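A quick write-up on the structure given underneath.
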Amino acid sequence: MDLFESSKDSGQQPLAYRMRPRTLDEYAGQDHIVGEGRLLRRMIQADQLSSLIFYGPPGTGKTTLARVIAHTTKSIFTTVNAVLSGVKTLREEIEKAKERSVLHQKRTILFVDEIHRWNKAQQDALLPWVENGTIILIGATTENPYFEVNSALVSRSRIFQLKTLSKTDLMKIARAALTDPVRGYGRFSLSFEAGALEHLVDIANGDARSLLNAIQLAVETTPGRFPPPAGEQITISLETAEESIQKKVVLYDKEGDYHFDIISAFIKSIRGSDPDASLYWLAKMVRAGEDPRFIFRRMLISASEDIGLADPAALGIVTAAAAAFDRVGMPEGRFHLTQAALYLSTAPKSNSSLGFFDALKAVEAEESGEIPNHLKDGGRDKEGFGHGKGYLYPHAYHDHWVAQQYLPDTLKGEVFYHPGNLGYEGSVKTEVLEKRELNMEASAPLFPEILTTAPRNSAKERWLQKLAEQRNAILSSIKEDIFKKALLSPHHRVLVLTAGSGFLLWEACRQTPEGIVYALPVGKPFPEHEYDTLRGYADGFDPVERPRIINTPLNQYSFPETITFECIIGRNTLTRCDIPRVKHLENIKKNLNPEGLAVLSEIIPAHAPRLSSFVHREQFSAEDYEILIHAEDRIYGSKDNPVTGWDEHTLTLEIKEAGFTKVSMDTRVYTETRTIRTEDIKRWFNPAKAPYGYGKAMMQLVDKETLQRITHTVLTELGGAEVKWESSVCTLTAQ
């Protein structure tokens, strides 16, 4: 059986069938998986498919995408429908696939439509043949594969989620159907009244099949003869369009994945204190016939999980509303649903009840949690074992409270309850924290045991370890900040600049498994050893997943016209580029798509530490020290210095000049212990080696002898010295 078999009389087929795309270029929508540079597109074009599962609502193009693959691949493509076929059909297809592989060295791609309809045993029958490569599976399902498809199959397949088509995508599909002279209605003279076609697109609700069926119905049932005589006009009125598509059905399946997504959106709207969204999702559930008791059950959970002690009355109000609903029923019971939802949405929030799970984790992890002796029951063996001895009875004290230890010795100091700042909980927070501190103090031993041990590492090893930890912490913080702002999705196309060490490259690859990552240098090509190292690591990827490492600087490289990036990230690109900063930023903007983000982490040179702050002033003559200060002002304070004379304000102006309209900046100061090397000082003070350094600045102020004298003093003071070095790092996000 072949789902894609062409009919002898294609004109009798539904328009939705006839207009199915035959190539990727005809395919509309789903740019996140089949757009230029996306992983699935590269796999199809390279004919290097692995097992796939397409998941998405009806009418989003799952079967159509499989048909495109069928027309593209050199493998044998065969199909079955899980509704109409069973294990017998599957075994026949597997036998044919084995024969093709052995006799003709041909791969077989098996497309299973509605794969979730097969039971576990039927899906299990696929496993060995997917595992050994006899068949490459492509499954299509409207249900979440992580729930409805065998987990073993899921683990061996790459999942691609198809989204509801946008109105732009639907309009493109409609225009194609109306202009195609062979498969569509391009050979007829068609027109739509104002708003008629837009109405069909709006009501189709992202479903291409529904849209094309409505267009076919509107065109072929318009009063008059169809097909019309040559030259006769067909006009689709708004009334005809409305009749063709009628009222859209609320997408809701009380047993399916969408059911859980809707209730999740409802609870998250309550948690986010958005009463408008809460009412919308509530109305959608009620309109679709969701069981009100299920909704109340989830609101009862939210009353304790998301509100808790911030408003202890919330639980009682939802309980009362649920009881009232049971007495009143529908439709008037909708008022009780609404009241409960609105109360929870507008109540102060606290998730402090989650502290229970921290306590549960501690219970599961502890080897032994001996009950403190004074908390044990003293009614049976107070005299024999002293149980209960030392317990302080709170009611015997002022305000019915006294400080003492309540946690086991192994958990002294552990904190499970974190009171919030809102509502009732906010009013008792200070008292809770004060009593906790006193309890912890009361539980401290009077003579704590002190253990000492000799250090395992030499002083040098400890120092190097400390430096490494500082450096790693700073770099980790910078990387975390970049990726937090980049907002990457798995399907994104990303350009990584100055990727020579792989600092940002491999994390970008990890976060965008369905997209593509390019890595380019800025200013100069990567040194040969860096380039070889990057290529060596990249060779460990499958060819279609491999990052593109190009050893050509950004300002000299031209990407294919169809490739633009959702995100461009980089670190210290502005200090490495050998062209004006505005031009560099323009190059970045040129390669971003209209909604793309550029996230750059840049050290701000104007805030760099001054050597004058590390030296002892008395070691210089007054005149020499003033010369040093004046040179630093020329280096870091002059806007004429393209390398070091710029700051955040300068950068803001340049970003806007480059054409970015949305810009945000976040500057942080990092402190590390750094050794000022003698060779660094010599380079900074050598006019030939540092065109924008100390030596160059001083040569404009003093003679060579004075420069040598100041250089010697700085070398004596700072050569090999360890200093606290502060760096101002600005992370900018531009769109």
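These numbers were taken from a predicted model, which means no experiment stands behind them.
Applying the 6.0 Å contact sphere to CD of Q735 captures more than 12 heavy atoms from other residues, nucleotides or ligands. Within 6.0 Å of the CZ atom in R548, the count of heavy atoms belonging to other residues, nucleotides or ligands exceeds 12.
Residues T78 and T108 meet the side-chain proximity criterion, which asks for heavy atoms closer than 4.5 Å. Under the 4.5 Å side-chain criterion, counting only non-hydrogen atoms from C-beta, S302 is in contact with I270. Between L40 and F54, the closest side-chain pair of non-hydrogen atoms falls below 4.5 Å. Put simply, the side chain of M299 reaches to within 4.5 Å of the side chain of L344, judged on heavy atoms. In this structure, D180 and M19 have side chains that are in contact, with non-hydrogen atoms separated by less than 4.5 Å. Using a 4.5 Å heavy-atom threshold, the side chains of N150 and D124 count as touching. In this structure, the side chains of I69 and I138 come closer than 4.5 Å at one or more pairs of heavy atoms. Annotation: side chain of L126 is in contact with side chain of I135 (closest heavy-atom distance under 4.5 Å).
Cation-pi check for R67 over Y17 is met; the charged atom lies under 6.0 angstrom from the ring centroid and within 45 degrees of its normal.
Under the 4.0 Å criterion applied to side-chain N and carboxylate O atoms, R38 and E514 are not assigned as salt-bridge partners. Salt bridge absent: D306 and K349 never bring a charged side-chain N and a carboxylate O closer than 4.0 Å. Of the charged side-chain nitrogens involved, none lies within less than 4.0 Å of a carboxylate oxygen, so that K172 and D169 do not count as a salt-bridged pair. In this structure, E26 pairs ionically with R183, as a charged nitrogen and a carboxylate oxygen lie closer than 4.0 Å. Checked for salt-bridge contact, R293 and D326 meet the test: a charged N lies under 4.0 Å from a carboxylate O. Taking 4.0 Å as the cut-off between side-chain N and carboxylate O, R107 and D47 count as a salt-bridged pair. A salt bridge links K98 to E95: at least one charged side-chain nitrogen sits closer than 4.0 Å to a carboxylate oxygen.
Taking the six-membered ring wherever Trp is involved, the centroid distance between the rings of F565 and F559 falls below 6.0 Å. Taking the ring centroids of Y55 and F160, they lie at or beyond the 6.0 Å cut-off.
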Check: Passes side-chain contact (heavy atoms from CB on, under 4.5 Å), V494 versus I516? Steps please.
Finding: CA-CA 6 Å; V494 182; I516 189 171; over 6 Å; no
Margin query: What verdict does the side-chain contact (heavy atoms from CB on, under 4.5 Å) test give for I33 and L162, after you've listed the backbone C-alpha separation in whole Å, the side-chain angles of each residue and the deciding distance to 0.1 Å?
Written below: CA-CA 8 Å; I33 60 173; L162 281 71; 3.8 Å; yes
Next item on the list: Might you work through the side-chain contact (heavy atoms from CB on, under 4.5 Å) test for E143 and F147, ending with a clear yes or no?
Entry: CA-CA 8 Å; E143 302 296 327; F147 297 128; over 6 Å; no
Check: For T142 and K62, what are the C-alpha separation, side-chain angles and deciding distance, and is it a side-chain contact (heavy atoms from CB on, under 4.5 Å)?
Finding: CA-CA 9 Å; T142 57; K62 300 181 294 296; 3.9 Å; yes
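Q339 contributes no side-chain N or O that, together with a main-chain N or O of R334, makes up a donor-acceptor pair within less than 3.5 Å. In terms of modelled atom types and a separation under 3.5 Å, the side chain of S51 and the main chain of L137 share a donor-acceptor contact. The backbone N or O of R493 lies less than 3.5 Å from a partner atom in the side chain of E566, making a donor-acceptor pair. Checking side-chain atoms of S210 against main-chain N and O of D207 turns up no donor-acceptor pair under 3.5 Å. Put simply, the side chain of H71 never gets that close to the backbone of V68: no donor and acceptor are under 3.5 Å apart. With hydrogens and angles disregarded, no donor-acceptor distance shorter than 3.5 Å links the side chain of R327 to the backbone of A323. With hydrogens and angles disregarded, a donor-acceptor distance shorter than 3.5 Å links the side chain of R42 to the backbone of G37.
Using modelled atom types and a 3.5 Å distance limit, the side chains of S273 and S345 yield no donor-acceptor pair. For the residue pair D25/T23, the side-chain donor-acceptor check at 3.5 Å is not satisfied.
Atoms CD and CD, from Q13 and Q216 in turn, are 10.0 Å apart once rounded to the nearest 0.5 Å. Here the straight-line distance linking atom CD of E148 with atom CD of E114 works out to 12.5 Å at 0.5 Å rounding. Within the model, atoms OH of Y185 and CG of L15 stand 4.5 Å from one another, a figure rounded to the nearest 0.5 Å. In this structure, the separation between CG on D291 and CE on M285 is 11.0 Å, given to the nearest 0.5 Å. Between R117 atom CZ and Q123 atom CD the span is 12.5 Å, to the nearest 0.5 Å. Note that CG of L487 is 8.0 Å distant from SG of C567, once rounded to the nearest 0.5 Å.
Summarising the geometry of L170 relative to V201, their closest heavy-atom pair is CD1-O, 3.7 Å, with the distance given to 0.1 Å. Heavy atoms only, all atoms of each residue included: P145 and V154 are closest at O-CG2, 3.5 Å. G29 approaches L165 most closely through the heavy-atom pair CA-CD2, 4.0 Å. Residues A66 and F77 share a closest heavy-atom pair of O-CZ, 3.4 Å. The shortest heavy-atom contact between F296 and A321 is CZ-O, 3.7 Å. For A508 against I569, the heavy-atom pair with the smallest separation is CB-CD1, 4.4 Å.
Pairs of residues two or more places apart, or lying in two chains, never qualify as ring pair (Phe, Tyr, Trp, His ring centres under 6.0 Å) while including a residue from residues 114-133.
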